[in-house]
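Below is one structure, written out as structure tokens; the observations come after it.
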Amino acid sequence: MPLPGRFSDLRTITFFGLLAATTAAGLALGLRVRAARRDRAGVPLERVWHPQESVPLTPAEEHAFGQVAHRLSPGPVHRPR
């Protein structure tokens with residue numbers, strides 16, 4: 001039984017069918033990617049060895065590095081460093 005009016009054309013039915021299928025696939029893929037990112041957020045990053053790690057630092061260098069790391073670490077927004 002054909003549909004009345006403009007929707008009786010097979011091209012229109014095909015267009016809306018493909019549009020619905022593409023939208024459903026895009027939403028499903030987006031939700032899957034979002035869930036994967038959420039699961040991966042709690043995993044710590046893999047440690048990478050750096051050549052300078054084998055060189056011992058002097059106490060002054062360790063202190064300077066600690067100061068830089070402290071300034072770069074996230075902290076309260078209301079307290080300037």
Side-chain angles (χ1 to χ4, degrees):
M1 181 168 128
L3 296 172
R6 289 183 268 169
F7 297 106
S8 62
D9 188 8
L10 187 59
R11 292 176 294 181
T12 305
I13 296 170
T14 305
F15 171 73
F16 282 116
L18 286 174
L19 183 65
T22 304
T23 303
L27 287 173
L29 182 62
L31 290 174
R32 180 179 287 183
V33 168
R34 182 186 237 179
R37 282 188 191 149
R38 193 176 303 136
D39 290 343
R40 212 177 323 133
V43 177
L45 297 176
E46 184 179 332
R47 181 139 162 68
V48 179
W49 178 83
H50 193 276
Q52 291 179 344
E53 290 181 0
S54 60
V55 178
L57 298 177
T58 65
E61 290 172 330
E62 286 183 11
H63 178 72
F65 178 78
Q67 292 295 317
V68 171
H70 178 71
R71 288 186 178 184
L72 294 177
S73 65
V77 178
H78 65 279
R79 192 182 90 206
R81 295 182 181 174

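When reading the values below, keep in mind they use all heavy atoms of this one structure, side chains included, and skip hydrogens, waters and symmetry mates.
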*Distance from L18 atom CG to I13 atom CD1, nearest 0.5 Å?*
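If I round to the nearest 0.5 Å, the distance is 12.0 Å.
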
*To the nearest 0.5 Å, how far apart are OG1 in T22 and CG in L27?*
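CG of L27 is found 11.0 Å from OG1 of T22.
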
*Listed by chain and number, what are the salt bridge (charged side-chain N to carboxylate O under 4.0 Å, His left out) partners of R11, not counting sequence neighbours?*
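Listed in chain order: D9.
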
